[in-house]
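Worksheet: one structure, shown below.
In what follows, chains are A, B, ... by sequence order, proteins preceding strands, each numbered from 1.
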2 protein chains.
Amino acid sequence: MGKIEEAIQQKEFKDPFNKAVVNLLYTHSYLVTAQNGLFKPYDISPEQYNVLRILRGQNGNPTTVSSIQDRMLNKMSNASRLVEKLKLKGWVKRTECTSDRRQVDVLITDEGLELLQTLERLVEESNVRVVNLSQEEAVQLNELLDKLRG
Amino acid sequence: MGKIEEAIQQKEFKDPFNKAVVNLLYTHSYLVTAQNGLFKPYDISPEQYNVLRILRGQNGNPTTVSSIQDRMLNKMSNASRLVEKLKLKGWVKRTECTSDRRQVDVLITDEGLELLQTLERLVEESNVRVVNLSQEEAVQLNELLDKLRG
DNA sequence: ACCAAATAGATGTATAGACATCAAATGTAA
DNA sequence: TTACATTTGATGTCTATACATCTATTTGGT
C-alpha cells in the first residue's frame, strides 16, 4: 500500500490540507528519484534537460537568460549557471545580444537537439509508467493541482 | 489563472501523465517557496524542521539516524548531516547507543520542542492558506497522490 | 575463535535551490 | 547632459540532494 501515513510512518495529520502538502513533498521525491536514474547515463541533470526543452520551444530563435528563468519549473533556480554548464558540454551557444548588451542570447545547438530528442522519448515513456493512474485520474489530478495554486 | 500551461508557457503536453509530472514539479516549487519564507526568521530549514517533528513523534524515546532517514519525506537526504546541524544549534542531543555502538541515539531537547511548537502552528496555518482547495478536494488529491505512487 | 558479509553512520564531491550582492548597460527625469 | 533608478546577468555563500566511499562495529557461518 502506498498510503502516505505508512510511507513516512506518521499516524495522522491535522487536516487534509496539511496532509496534502506533506503528500506533495513526498510524491515529488518519488518522481525525482525515478527521473534521476534516467538522466544519469547521459551526463545531464533534469534541470538542465528542462532548460534544453525551453530553448527548443523557441523554434530556432535565441532566448535570453531571464526568459528561460521565467519558464522554468522552479522560479528560484539559477538559469545563468545552468546555461553555463550546458555551454561547457556543447549543447547551447551563448552570444551577446546586439540590441541590448546587458542581455545574452542563448541558442540550442544541433548536439543539444539530438540529445534532447533521445532523452525526451525516454522521459515521456518513464512518466507514463511512473504515474500509476488512469487517464481520467491524471486529468483530475492536473485540475486539482492547478486549482491548488490558484 | 493558475493553469500549468500558462505558468511555464508551454502550449501542450504529450498526455495527462506527462502533464501531471510537470504539474507536480511546479506545484512543489510553489509550496516550497511559500514555506521558505516561514522558516527564514527562525534559523531553521524545512528539512531540519521535519527531522525535529520525527524526533518528537517518538515521545521522548531516542531515535537512530537510520530510523530518522526512513521517515523523512526525501529518502535520499542525509539525516546524519541534518542531525549534526540541529545539534550545533542545541535542538537535539546525540548519544552513543550502548547496545550497538554503531548506532547513535538522537533525542530532541526542550529548546527543540519549544521551537517546534512555535513553528508547527505557523506551518499548519500556512498550509491551510496555501492549499486553495475545498476540504473534499484536498481529500481527493491525497487519494490520487497515494494511488499515483502505488 | 575466526573471517567474510552486512550494517550504521560519517564524509567527500558534484549539482541545484535560495537569496544577497555586484557590475555593466539601459532608461528616465531634472 | 548629468544623476539616479532599473534591468540583466554573473557571482558568492549557505543549505540540501544524490550518490560513492570509508571506518567502525556487529552478525553469521565455519
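- A donor-acceptor pair is defined here as one N or O able to donate and one able to accept, closer than 3.5 Å; such a pair exists between the side chain of B/Asn132 and the backbone of A/Lys147.
- Side-chain to base pairing of A/Arg81 with D/dT13: one donor and one acceptor N or O lie within less than 3.5 Å of each other.
- Looking at heavy-atom distances under 4.0 Å, A/Thr64 makes contact with sugar-phosphate atoms alone, never a base.
- Nucleotide D/dA16 holds its P atom 14 Å from the NE2 atom of B/His28, rounded to whole Å.
- The 12-atom threshold is not exceeded at NZ of A/Lys93, counting heavy atoms of other residues, nucleotides or ligands nearer than 6.0 Å.
- Residue B/Lys85 places at least one side-chain N or O under 4.0 Å from the OP1 or OP2 atom of D/dA16.
- A straight line from OH of A/Tyr30 to C1' of D/dA18 spans 18 Å, rounded to a whole angstrom.
- At whole-Å resolution of the value, CZ in B/Arg101 and C1' in D/dT23 are 13 Å apart.
- For the pair B/Leu82 CG and C/dT11 C1', the interatomic distance rounds to 14 Å; values are reported in whole Å.
- No engagement by A/Glu84 is indicated, since no non-hydrogen atom pair under 4.0 Å with the nucleic acid exists.
- Between C/dG17 and B/Ser29, no contact under 4.0 Å exists linking OP1 or OP2 to a side-chain N or O.
- Side-chain N/O atoms of A/Ser77 include one lying less than 4.0 angstrom from OP1 or OP2 on C/dG17.
- Each of A/Asn78 and B/Asn74 was assigned the nucleotide of DNA chain D with the nearest heavy atom; the assignment lying further toward the 5' end belongs to A/Asn78.
- Rounded to an integer number of Å, the gap from OH of A/Tyr42 to P of C/dA14 is 24 Å.
- Among the protein residues, A/Lys75 comes within range of no part of the nucleic acid, since none of its heavy atoms lies under 4.0 Å from any strand.
- Taking atom CG of residue B/Asn50 and atom C1' of nucleotide D/dA16, one finds them 13 Å apart after rounding to whole Å.
- Along DNA chain C, the nucleotide nearest B/Thr63 and the nucleotide nearest A/Met76 are compared for position; the residue whose nucleotide lies closer to the 5' end is B/Thr63.
- One finds a side-chain N or O of B/Gln48 lying less than 4.0 angstrom from the OP1 or OP2 phosphate oxygen of D/dA16.
- A close approach under 4.0 Å does occur between a side-chain nitrogen or oxygen of A/Ser80 and OP1 or OP2 of D/dA10.
- Protein atom CG of A/Leu88 is 14 Å distant from nucleotide atom C1' of C/dT15, rounded to whole Å.
- Proximity of B/Ser45 to the phosphate of D/dA16: a side-chain N or O atom is located under 4.0 Å from OP1 or OP2.
- Contact annotation: side chain of A/Arg102 to base of D/dT7, donor-acceptor pair present below 3.5 Å.
- Atom CD in B/Gln69 sits about 11 Å away from atom P in C/dA10, given to the nearest Å.
- Residues B/Val128 and A/Asp15 share a closest heavy-atom pair of CG2-OD2, 3.6 Å.
- No hydrogens or angles considered: a donor-acceptor pair under 3.5 Å links the side chains of B/Gln58 and B/Arg71.
- Checking side-chain atoms of B/Tyr26 against main-chain N and O of A/Met72 turns up no donor-acceptor pair under 3.5 Å.
- Taking all atoms of both residues into account, the shortest heavy-atom contact from A/Glu12 to A/Gln10 is O-NE2, 3.1 Å.
- Within the structure, a side-chain polar atom (N or O) of A/Arg94 is placed less than 4.0 Å from OP1 or OP2 of D/dA10.
- Along DNA chain D, the nucleotide nearest B/Thr98 and the nucleotide nearest B/Ile44 are compared for position; the residue whose nucleotide lies closer to the 5' end is B/Ile44.
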